[in-house]
**Q** 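Got a structure for you, questions after.
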Amino acid sequence: MNLTELVKYLTNPEKLDALYQDVKVNKESDALLIFMKDALTLDSEIIIIEIEATGGEVLFEKDGIKYVELFPIDIAIELIESDLNLKETGYSDMSIAERLLDYRRRDA
């Protein structure tokens, strides 16, 4: 899954709960983080992982693969819903993904 595909989950709580089950993460974690394989790009593969497994680091390595943190899931949702005002405004999933990446690269 890439960031554009993840957006449909970030904008729909029911789908997000199903995703948590599919990727087998503990919803009771202190934070669930979105990590991107190798670099912050639209095409980068996404993993969701508990903060406890990363030690709170923004660069993380798992099974010899390097990942970089995009945002905690709750922050990504907050950005979409309020800070960047992207939810229910007619933006495509691709546009929302591009805005999140742009925000992360420039402002976060």
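Fair warning: this is a prediction, and the values are worked out from it, not measured in the lab.
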**Q** Side chain to side chain contact (heavy atoms under 4.5 Å, CB included) between Met94 and Leu42: does it pass, once the steps are laid out?
**A** CA-CA 8 Å; Met94 173 76 80; Leu42 285 176; 3.6 Å; yes
**Q** Over all heavy atoms of both residues, which pair between Leu100 and Ala76 is shortest? Give the atoms and the distance, please.
**A**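 Of all heavy-atom pairs spanning Leu100 and Ala76, the closest is CD2-O, 4.2 Å.
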**Q** Among pairs that include at least one residue of residues 20-48, which meet ring pair (Phe, Tyr, Trp, His ring centres under 6.0 Å), considering only residues two or more places apart or in two chains?
**A**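 Qualifying pairs: Phe35-Phe60.
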**Q** Which salt bridge (charged side-chain N to carboxylate O under 4.0 Å, His left out) pairs, counting each pair once, include a residue from residues 56-65, with sequence neighbours left out?
**A**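 Checked against salt bridge (charged side-chain N to carboxylate O under 4.0 Å, His left out) - neighbours excluded - no pair reaches residues 56-65.
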**Q** Output, in order, the C-alpha distance, side-chain angles, deciding distance and verdict of side chain to side chain contact (heavy atoms under 4.5 Å, CB included) for Asp102 and Arg106.
**A** CA-CA 6 Å; Asp102 186 54; Arg106 295 174 192 241; 2.4 Å; yes
**Q** What is the minimum heavy-atom distance between Ser44 and Ala39, and which atoms define it?
**A**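 Closest heavy-atom pair between Ser44 and Ala39: OG-O, 2.6 Å.
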**Q** Quick one: which residue pairs count as a salt bridge (charged side-chain N to carboxylate O under 4.0 Å, His left out) with a foot in residues 73-82, not counting sequence neighbours?
**A**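 Non-adjacent pairs meeting salt bridge (charged side-chain N to carboxylate O under 4.0 Å, His left out): Glu81-Lys87.
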**Q** Among all residues two or more places apart in sequence or in another chain, which pass the side-chain hydrogen bond (donor to acceptor under 3.5 Å, both in side chains) test with Ser82?
**A**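 Ser82 satisfies side-chain hydrogen bond (donor to acceptor under 3.5 Å, both in side chains) with no other residue.
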**Q** Can you list the residues that meet the salt bridge (charged side-chain N to carboxylate O under 4.0 Å, His left out) rule with Asp43, with sequence neighbours excluded?
**A** none
**Q** Do the side chains of Ile47 and Lys37 get nearer than 4.5 Å, heavy atoms only?
**A** no
**Q** Would you give the length of the straight line joining atom CG of Leu19 to atom CD1 of Ile46, rounded to the nearest 0.5 angstrom?
**A** 10.5 Å
**Q** Using the side chain to side chain contact (heavy atoms under 4.5 Å, CB included) criterion, which residues pair with Asn2? Sequence neighbours excluded.
**A** Thr4, Glu5
**Q** Once you round to the nearest 0.5 Å, how far does CD of Glu45 lie from CG of Asp38?
**A** 9.0 Å
**Q** Any side-chain heavy-atom pair from Met36 and Leu101 closer than 4.5 angstrom?
**A** yes
**Q** With sequence neighbours excluded, what pairs up with Thr54 under the side-chain hydrogen bond (donor to acceptor under 3.5 Å, both in side chains) test?
**A** none
**Q** Test of understanding: clusters of I, L, V, M, F, W, Y form through side-chain heavy atoms closer than 4.5 Å, transitively. Do Ile49 and Leu70 belong to the same one?
**A** no
**Q** Mark yes or no for whether Thr11, through its side chain, and Val7, through its backbone, hold a donor-acceptor pair below 3.5 Å.
**A** yes
**Q** Of all residues at least two apart in sequence or in a different chain, which pass the side chain to side chain contact (heavy atoms under 4.5 Å, CB included) check with Ile75?
**A**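 Counting only residues at least two positions away or on another chain, Ile75 forms a side chain to side chain contact (heavy atoms under 4.5 Å, CB included) with Phe71, Pro72, Leu79.
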**Q** Does Ile34 reach the side chain of Arg104, with side-chain heavy atoms less than 4.5 Å apart?
**A**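 They are not in side-chain contact.
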**Q** In Å, rounded to the nearest 0.5 Å, how long is the span from CG of Leu40 to CZ of Arg105?
**A** 6.5 Å
**Q** Using the test side chain to side chain contact (heavy atoms under 4.5 Å, CB included), find all partners of Val58 that sit at least two apart in sequence or belong to another chain.
**A**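 Listed in chain order: Glu69.
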**Q** Show me, pair by pair, the donor-acceptor contacts under 3.5 angstrom made by side chains of residues 25-33, not counting sequence neighbours?
**A**
unit_1, atom_1, unit_2, atom_2, d
Asn26, OD1, Glu28, N, 2.8
Ser29, OG, Ala31, N, 3.2
Ser29, OG, Ala31, O, 2.9
Ser29, OG, Glu52, OE1, 2.6
Ser29, OG, Glu52, OE2, 3.4

**Q** In the structure I gave you, are the side-chain heavy atoms of Leu3 and Asp93 within less than 4.5 Å of one another anywhere?
**A** no
**Q** Any link between Met1 and Ile65 through a network of hydrophobic side chains (Ile, Leu, Val, Met, Phe, Trp, Tyr) touching at under 4.5 Å?
**A**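 Result: no, two separate clusters.
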**Q** To the nearest 0.5 Å, tell me how far Lys15 NZ sits from Lys8 NZ.
**A** 6.5 Å
